[in-house]
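No hydrogens, no waters, no symmetry mates; every other heavy atom, side chains included, goes into these values.
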Amino acid sequence: MTETILKIEHVTKRFPGVVALKDVSFEVYRGEVHALVGENGAGKSTLIKILSGVNSLEEGALYLSGRQVKFAKPVEAIEKGISVVHQEIKLVNTLSVAENIFIGRPPMNRFGMLNRRQMNREARALLDRIGADIIDEKTIVSRLSIAEQQMVEICKALSYESEIIIMDEPSATLTNKELTLLFQTLEKLKAMGITVIYISHRLEEIFAIADRFTVLRDGQHIHTGNVAEVDRQRLISMMVGRELENEYPKELMPRGEPILQVSHLNRPGVLKDISFTLYKGEVLGFAGLVGSGRTELARTIFGADYHSGITGEIRVKGMKAEIHKVRHATNQGIALIPEDRKTQGLVLDMGVKENVSMAHITRIMKHGFLNKAEEVKLAREYIEALRIATPDENRQVRNLSGGNQQKVVIAKWLAADSEILILDEPTRGVDVGAKAEIYKLLNTFVKAGKAVIMISSEMPEIIGMCDRVLVFRDGEIMGEFSRDEVTQEKILDVAIQ
């Protein structure tokens, strides 16, 4: 018989000027993986903050195992058996695994001193419960992979005897091998009767691991059901509120002249004899496993990681380009939208207009001073063109959704009149509706005779949006496929040999 462990009943949450959640009700069962899905701004984060005691509950009710609960602070949620494993790991890198699991409440001996032997023993028992044999409880956390650190976070939750573990975008930075490890851990948690609420924009993960799902849209509950009874297209339509005719709206363009030529590029220990040509009107995909050299090549072309050991030649529009610094690349019309937009692509505490204009600043100067009217005009132009959801151009970008933050990064380089756009994991953490809008922007970009390099770990994205695909392994290009011949199987066959 199915047991309800969590019941959310008529929950509404208001902030000044906005209703983040409106009359949300659904149930979560004991021992299931329950996917919480929806676009950015759908209300997922607000609901999770209420469940974990970060935000107060003012309207509606929460029931744990049939008993009504209300949390004024996170520690109260933890005490009642609800823990959160965040996308950004919150461990202390300089402490050991065991010290992190019991941080702030280590076992003490009768003299009031740390009982390290007991702490290590109890940490080992927790690691063994989830099958984390590869992790030594005495290892310093900084030496662990992201997936292993997540397992430590899970053990930390188990140490509080949590019955519900919320996982917020746990796969965002994981390799395929690490993702398999995460899924195996989730299966062990289910077998222990522990409930996992799983949040991810990667729909393939929902179908791979979740038992049931709940869709939120515009702060409202849309549907709760069994994953086995819904297909991808139906799930997407519930999330966006309309039928998304084509998840990958690729428009085929005639190939133009070469715009970027890389010949025999070498970077000691990183890149080996890289040669390829990018053409006007083309979206060229870089596929391969994390660490295969894709990002390293992009940063080398962009001048972000230059050093004297690099050899080879780069030509832009047929002319040899000496790119030793980022400004050399931007002067050549090359732009890089980095994998980590928050730390490398944006200044989070600045407004939309400052972020949009920063790569274009000299063009809106007048007599040595910033022309503020031109800056506002520029920002509003791209807010409208890219449909950036923001109240105005002054809103700090940290307060925008992931999809809208990505649009601001793209706007920055479009405003700089870039001709070669390199995108590293362009839709990571972006919802399905915003993804489609970003893809349409790329179509518009290449229609204008410009070119795109797309680096992505999501193979359906690479296959759906690219004209050609280069497959990387160990710092080399090991294969090339046209749009007509590329498949996931062919990419993997080359990438993991």
Side-chain angles (χ1 to χ4, degrees), residues 5 30-34 52-53 64-65 74-199 205 208-209 290:
I5 188 171
R30 184 180 296 277
E32 72 169 348
V33 174
H34 193 110
S52 59
L64 277 176
S65 299
V75 67
E76 294 179 3
I78 292 172
E79 289 171 352
K80 292 293 185 181
I82 300 178
S83 293
V84 181
V85 176
H86 297 276
Q87 177 181 342
E88 297 170 354
I89 303 295
K90 296 184 180 294
L91 300 175
V92 181
N93 281 336
T94 55
L95 297 182
S96 72
V97 168
E99 287 168 334
N100 270 280
I101 290 174
F102 293 104
I103 193 166
R105 51 195 177 88
M108 311 295 283
N109 62 24
R110 59 194 179 95
F111 301 109
M113 300 178 67
L114 170 65
N115 189 331
R116 188 171 296 277
R117 180 176 296 179
Q118 181 184 347
M119 180 179 69
N120 288 338
R121 185 172 62 248
E122 292 182 6
R124 181 72 263 156
L126 290 168
L127 290 163
D128 289 342
R129 283 183 73 189
I130 63 169
D133 308 357
I134 58 174
I135 301 176
D136 188 318
E137 66 277 8
K138 302 183 189 72
T139 299
I140 299 300
V141 160
S142 61
R143 299 175 185 168
L144 303 181
S145 69
I146 296 298
E148 290 168 344
Q149 289 182 31
Q150 284 183 339
M151 295 174 83
V152 175
E153 287 271 31
I154 290 170
C155 288
K156 187 175 177 180
L158 293 177
S159 74
Y160 285 102
E161 299 184 353
S162 298
E163 295 184 290
I164 298 174
I165 297 178
I166 301 169
M167 305 200 74
D168 188 6
E169 294 284 355
S171 66
T173 57
L174 299 187
T175 65
N176 289 335
K177 183 178 180 180
E178 290 173 331
L179 186 61
T180 299
L181 185 63
L182 173 63
F183 284 0
Q184 290 171 349
T185 304
L186 296 185
E187 290 292 348
K188 287 185 171 65
L189 291 175
K190 284 173 58 178
M192 292 158 55
I194 292 169
T195 300
V196 176
I197 297 177
Y198 192 90
I199 303 169
E205 294 176 12
I209 194 63
V290 173

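Looking at heavy atoms from C-beta onward, Met167 lies in side-chain contact with Ile154 at the 4.5 angstrom threshold. With contacts defined as side-chain heavy-atom distances shorter than 4.5 Å, the pair Arg117/Asn115 qualifies. No side-chain heavy atom of Ile140 sits less than 4.5 Å from a side-chain heavy atom of Asn93. Looking at Tyr198 and Asp168, their side chains never come closer than 4.5 Å, going by heavy atoms from C-beta outward.
Taken to the nearest 0.5 Å, the CD1 atom of Ile166 stands 5.5 Å off from the OG atom of Ser52. Put simply, CE on Met151 and CG on Leu182 are 9.0 Å apart, with the number rounded to the nearest 0.5 Å. With rounding to the nearest 0.5 angstrom, the NZ atom of Lys156 is 11.0 Å from the OG atom of Ser162. One distance of note links CZ of Arg143 with CG of Asp136; it measures 10.0 Å at 0.5 Å rounding. Taking CG of Leu189 as the start and CZ of Arg129 as the end, the distance is 9.0 Å to the nearest 0.5 Å. Atom CD1 in Ile209 sits 9.5 Å away from atom CD in Gln184 (nearest 0.5 Å).
One N or O on the side chain of Thr185 and one on the backbone of Leu181 form a donor-acceptor pair closer than 3.5 Å. Here the side chain of Thr195 pairs a donor or acceptor atom with the backbone of Gly31 at under 3.5 angstrom. Formation of a donor-acceptor pair under 3.5 Å by the Glu122 side chain with backbone atoms of Met119 is not found in this model.
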Go through Ile89 and Gln150 one step at a time and tell me if the side chain to side chain contact (heavy atoms under 4.5 Å, CB included) criterion holds. CA-CA 7 Å; Ile89 303 295; Gln150 284 183 339; 3.6 Å; yes

Could you walk me through whether Ile197 and Ile165 satisfy the side chain to side chain contact (heavy atoms under 4.5 Å, CB included) test, starting with their C-alpha distance in whole Å, then the side-chain angles of each, then the deciding distance to 0.1 Å, before giving a yes or no? CA-CA 6 Å; Ile197 297 177; Ile165 297 178; over 6 Å; no

Applying side chain to side chain contact (heavy atoms under 4.5 Å, CB included) to Val196 and His34, what does each step give before you reach the verdict? CA-CA 6 Å; Val196 176; His34 193 110; over 6 Å; no

Between Thr94 and Val141, is a side chain to side chain contact (heavy atoms under 4.5 Å, CB included) present by the stated rule, with each step listed? CA-CA 7 Å; Thr94 55; Val141 160; over 6 Å; no

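In this structure Arg110 satisfies the side-chain contact (heavy atoms from CB on, under 4.5 Å) test with no other residue, sequence neighbours excluded.
Under the 3.5 Å distance criterion, with hydrogens and angles disregarded, no donor-acceptor pair is assigned to the side chains of Glu153 and Gln149.
Ion pairing of Glu163 with Arg30 is present here, as a side-chain N (NZ or NE/NH1/NH2) and a carboxylate O approach within less than 4.0 Å.
Of all heavy-atom pairs spanning Glu137 and Asn120, the tightest one is CG-O, 3.6 Å.
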What donor-acceptor contacts under 3.5 angstrom involve side-chain atoms of residues 100-109, with partners at least two apart or in another chain?
residue: Asn100; atom: OD1; partner: Val92; partner atom: N; Å: 2.7
residue: Asn100; atom: ND2; partner: Val92; partner atom: O; Å: 3.0
residue: Asn100; atom: ND2; partner: Leu95; partner atom: O; Å: 3.4
residue: Asn100; atom: ND2; partner: Ser96; partner atom: O; Å: 3.0
residue: Arg105; atom: NE; partner: Tyr160; partner atom: OH; Å: 2.9
residue: Arg105; atom: NH2; partner: Ile101; partner atom: O; Å: 3.0
residue: Arg105; atom: NH2; partner: Ser159; partner atom: OG; Å: 2.5
residue: Asn109; atom: OD1; partner: Phe111; partner atom: N; Å: 2.9
residue: Asn109; atom: OD1; partner: Gly112; partner atom: N; Å: 3.2
residue: Asn109; atom: OD1; partner: Met113; partner atom: N; Å: 2.9

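Residue Glu187 places its CD atom among more than 12 non-hydrogen atoms of other residues, nucleotides or ligands, all under 6.0 Å distant.
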